Structure formats: C-alpha cells, structure tokens
Amino acid sequence: MDKFAALNAYVAVVEADGFAAAARALGQSRSAVNRLVITLENELGVQLLNRTTRRVSPTANGTAFYDRAKSILSDLAEAERDLGDTGRDAVGRLRVNAPMSFGIMHLGKAVADFMARHPDLTIELNLNDRFVDIIQEGYDLAIRIAEPQEDSTLVDFRLCEARRVICASPEYLAANGTPQHPSDLRNHRCLHYGNLSTGGMWRLNGPDGSTGVHIDGAMVSNNGQVICDAAVRGLGIALTPTFISGPDLQAGRLVTILHDYKPTTVILSAIYPPTRHLSAKIRLFTDFLIERFGGRPHWDLVE
C-alpha cells in the first residue's frame with residue numbers, strides 16, 4: 001500500500017465530506033479513493049469513517065487520526081518545498097507565540113523588520129504569558145524566557161541570557177534606605193511578578209551561596225511592565241528583567257541594588273518541534289533572532 005496516497009485520500013474524504021467530491025479534488029476515480037481508504041482502515045485495524053447512504057463522517061478514532069494525518073502530510077509538503085527552495089526565500093505562514101511584555105517591547109518590532117525582508121511570508125504572532133503547548137496548539141515556534149531546561153520533545157535554540165536585576169527608584173531608596181543584604185528585603189515594600197516559578201520567594205546567588213527570601217508583596221502582578229512602572233513611581237523594590245527595565249535603568253529612573261547577589265539565570269530561547277527542523281522559515285527566523293538579540297542585547301547595557 002502507498003501509505004502517503006492512502007493518507008492523502010483519507011484527508012481528502014474527510015475535508016470533502018464524501019468520496020465523490022474527494023475523488024474530483026484528487027483527480028481520481030471514486031472507486032480508487034474508496035479502495036485506498038478501505039485498505040488504510042484494514043492496515044490500521046480501525047474504522048475511520050461512518051458511512052451512510054447520505055453522508056460520510058469520521059469516527060472518534062477517525063477524527064483523531066485525521067489531525068495526525070493532516071500534520072504528517074503538511075510536514076512532508078513543507079520538507080519537499082524547502083528542499084526545492086534551497087537558496088530562495090521562505091513562503092507560507094509562520095505561527096509564533098511569545099510573552100506579552102517582550103513581544104510588545106521588542107519582538108513586535110523585530111517581526112516587522114523580518115517581514116520587510118521576507119514579503120512572501122505571513123506571520124501570525126500571538127502574545128500571552130500562559131504556558132503554551134506549541135505542538136498541541138499548532139505553533140511553529142515559541143519565544144520563551146525561563147530557566148534552562150532539557151526537553152527532548154522540543155528543539156531549544158538559545159538566543160541570549162535574559163538578565164534580571166533588583167532595582168528601585170532613587171526616590172524610594174532615599175526615603176527608605178538601601179538594602180545591603182537580601183535579608184533586608186523583608187523590611188521593604190517589594191513589587192512581585194506573580195508568575196515566578198519560586199512563588200513568593202526571590203532566590204539570589206551571592207558570596208554566601210544561594211539565598212531564598214520571602215518578600216512582602218506590596219504589589220503582585222502577572223505582567224512585568226506593570227511591576228517596572230510601579231518601581232519607577234517609587235512604590236517599592238522590584239526584581240525585573242532588563243529587557244523591561246533597561247530604558248529606565250539607563251535613564252536613571254531606576255538604579256540597581258544588591259550588586260553582589262544575582263537572581264538565577266533565565267534564558268531567552270526560540271523553541272520549536274523537531275519536525276520543523278528542515279523548515280526554511282524556521283531557519284531564517286531563528287537566524288534573524290540571533291542577529292537581533294544574540295550576544296549582549298542593547299537593553300542589557302546597564303550595571
């Protein structure tokens with residue numbers, strides 16, 4: 001059995017709601033398409049379609065198999081296209097997911113520049129701060145900012161370190177004093193990013209090893225820009241990534257403190273499924289991201 005021909009026939013039948021329409025779309029006879037689907041069902045040992053005199057519809061197993069078959073055929077077509085398009089520009093659609101603040105402040109502008117270079121490529125950029133299963137939700141690529149992880153189901157293309165600092169406004173420090181040790185943070189108003197994996201604890205590495213401090217969350221938000229804005233207004237001390245606070249640090253609206261104590265490292269990465277590794281659009285986009293954000297990015301040029 002030509003398994004790819006059978007998969008193609010089955011997908012066509014489901015999408016056309018019948019054998020006759022699928023046969024016309026494929027340029028084959030109705031009996032040939034029917035024979036391919038029956039052979040596929042026999043090979044799998046599962047009924048994929050409910051057949052009546054009026055209509056054809058997938059079974060529960062058939063619906064699940066359709067999704068997988070569609071993905072397989074799409075990956076095959078993309079691989080063939082990429083091999084044929086070696087040295088030429090990418091085409092098609094690129095679905096990207098990224099965190100909200102980073103997407104608004106940095107990635108959106110980068111995507112616009114990337115699109116200007118590759119006008120035949122359509123970009124779908126979705127921004128949110130929840131965890132996204134890129135395989136289940138059909139993304140080609142996701143930008144993640146997290147501690148280094150090993151995940152054999154995904155390709156982790158590391159772009160740069162996303163450095164974090166502890167900072168406050170000069171006005172807050174003048175009024176409340178400057179902490180000299182992490183334990184001093186317990187006596188200060190702290191502005192807390194609610195999506196930290198450590199919960200209400202700030203974990204810092206310093207001369208005396210790793211230190212965890214449970215902070216007083218004078219403000220808790222699931223958005224880093226909100227936390228940074230509150231710190232600029234003098235409302236407390238924040239642990240914030242420099243991709244958000246960099247401009248305020250460079251302008252002196254915020255200053256770093258506790259220089260001997262560093263927050264745990266997080267990495268800015270492009271994550272994509274292994275099945276996408278041959279894709280020209282993924283290759284071009286990751287090359288562009290390393291060009292744009294690799295090394296020490298512009299927002300991190302602060303103490």
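Since the model is a prediction, treat every value here as computed from it, not as a measurement. In what follows, residues are counted from 1 in the order of the sequence shown.
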Exceeds 12 heavy-atom contacts within 6.0 angstrom, atom CZ of Arg51: yes
Spacing of CG belonging to Leu40 relative to CG belonging to Asn8, to within rounding of 0.5 Å: 11.5 Å
CZ (Arg189) with more than 12 external heavy atoms under 6.0 Å: no
Considering all heavy atoms, the nearest Asp133-Gln136 contact: OD1-N, 3.0 Å
Non-hydrogen side-chain atoms of Arg292 and Lys109 separated by less than 4.5 Å: yes
Residues that Lys70 engages under salt bridge (charged side-chain N to carboxylate O under 4.0 Å, His left out), provided they are two or more places apart: Glu15
Nearest heavy-atom neighbours spanning Asp300 and Arg163: OD1-NE, 2.9 Å
Donor-acceptor contact below 3.5 Å, side chain Ser269 vs main chain Ile271: no
Distance (rounded to the nearest 0.5 Å) between Asn50 CG and Leu48 CG: 10.0 Å
Closest contact, heavy atoms only, Leu254 versus Ser169: CD2-N, 3.7 Å
hydrophobic_cluster_shared for Leu125 and Ile282, side chain cutoff 4.5 Å: yes
Check against side-chain contact (heavy atoms from CB on, under 4.5 Å), Phe157 and Leu289: CA-CA 10 Å; Phe157 189 90; Leu289 291 176; over 6 Å; no
Side chains of Phe65 and Thr59 in contact at under 4.5 Å (non-hydrogen atoms): no
Side-chain heavy atoms of Thr286 within contact of Leu141, under 4.5 Å: yes
Residue pair Tyr272, Asp140: steps toward the side-chain contact (heavy atoms from CB on, under 4.5 Å) verdict: CA-CA 6 Å; Tyr272 54 91; Asp140 295 298; over 6 Å; no
Heavy-atom closest contact (Leu191 atom, Ala231 atom, distance): CD1-N, 3.4 Å
Donor-acceptor contact below 3.5 Å, side chain Arg203 vs main chain Ser210: no
pair Trp202-Cys190: side-chain heavy atoms closer than 4.5 Å: yes
ILVMFWY cluster, Val213 and Met219 together (side-chain gap under 4.5 Å): no
Side chain proximity check, Tyr261 to Ile166, heavy atoms < 4.5 angstrom: no
Value rounded to 0.5 Å, distance of CD1 in Ile237 from CG in Leu173: 6.0 Å
Identified ring pair (Phe, Tyr, Trp, His ring centres under 6.0 Å) partner of Phe293 from the options Trp299, Phe285, Phe243: Trp299
Verdict with reasoning, Leu258 to Leu185, per side-chain contact (heavy atoms from CB on, under 4.5 Å): CA-CA 10 Å; Leu258 295 174; Leu185 292 170; 4.1 Å; yes
Any Arg144 side-chain heavy atom under 4.5 Å of Phe102 side chain: no
Enclosure of Arg68 CZ (heavy-atom neighbours >12, cutoff 6.0 Å): no
Any Asn34 side-chain heavy atom under 4.5 Å of Val13 side chain: no
Pro170 versus Val255, closest heavy-atom pair with distance: CG-CG1, 4.2 Å
Polar side-chain atom of Glu41 near backbone of Leu49 as donor-acceptor pair, under 3.5 Å: yes
Backbone of Val165 reached by a side-chain donor or acceptor of Thr256 within 3.5 Å: no
Val37 reachable from Val46 in the ILVMFWY side-chain graph, under 4.5 Å edges: yes
Inter-residue atom distance Thr240.OG1 - Tyr193.OH, 0.5 Å rounding: 10.5 Å
Full working for side-chain contact (heavy atoms from CB on, under 4.5 Å) between Gln225 and Met100: CA-CA 9 Å; Gln225 185 62 61; Met100 183 69 70; over 6 Å; no
Cluster check Ile290, Leu268: I/L/V/M/F/W/Y, side chain < 4.5 angstrom: yes
Inter-residue atom distance Arg130.CZ - Asn128.CG, 0.5 Å rounding: 5.0 Å
Val155 reachable from Leu159 in the ILVMFWY side-chain graph, under 4.5 Å edges: yes
Flag for Arg164-Thr264: side-chain donor and acceptor within less than 3.5 Å: yes
Pairwise distance SG(Cys228) to CD1(Ile244) - rounded to 0.5 angstrom: 7.0 Å
Non-hydrogen side-chain atoms of Gln250 and His298 separated by less than 4.5 Å: no
Asp184 side chain vs His181 backbone, donor-acceptor pair below 3.5 Å: yes
Exam field: side chain Asn97 to backbone Ala142, donor-acceptor pair closer than 3.5 Å: no
Main-chain N/O of Gly62 paired to Tyr10 side chain as donor or acceptor, under 3.5 Å: yes
Closest non-hydrogen atom pair, Ala6 against Leu36: CB-O, 3.9 Å
Backbone N/O of Thr122 and side chain of Glu124: donor-acceptor pair under 3.5 Å: no
Donor-acceptor pair, side chain of Arg95 and main chain of Glu137, under 3.5 angstrom: yes
Basic-acidic side-chain contact under 4.0 Å: Glu161, Lys262: no
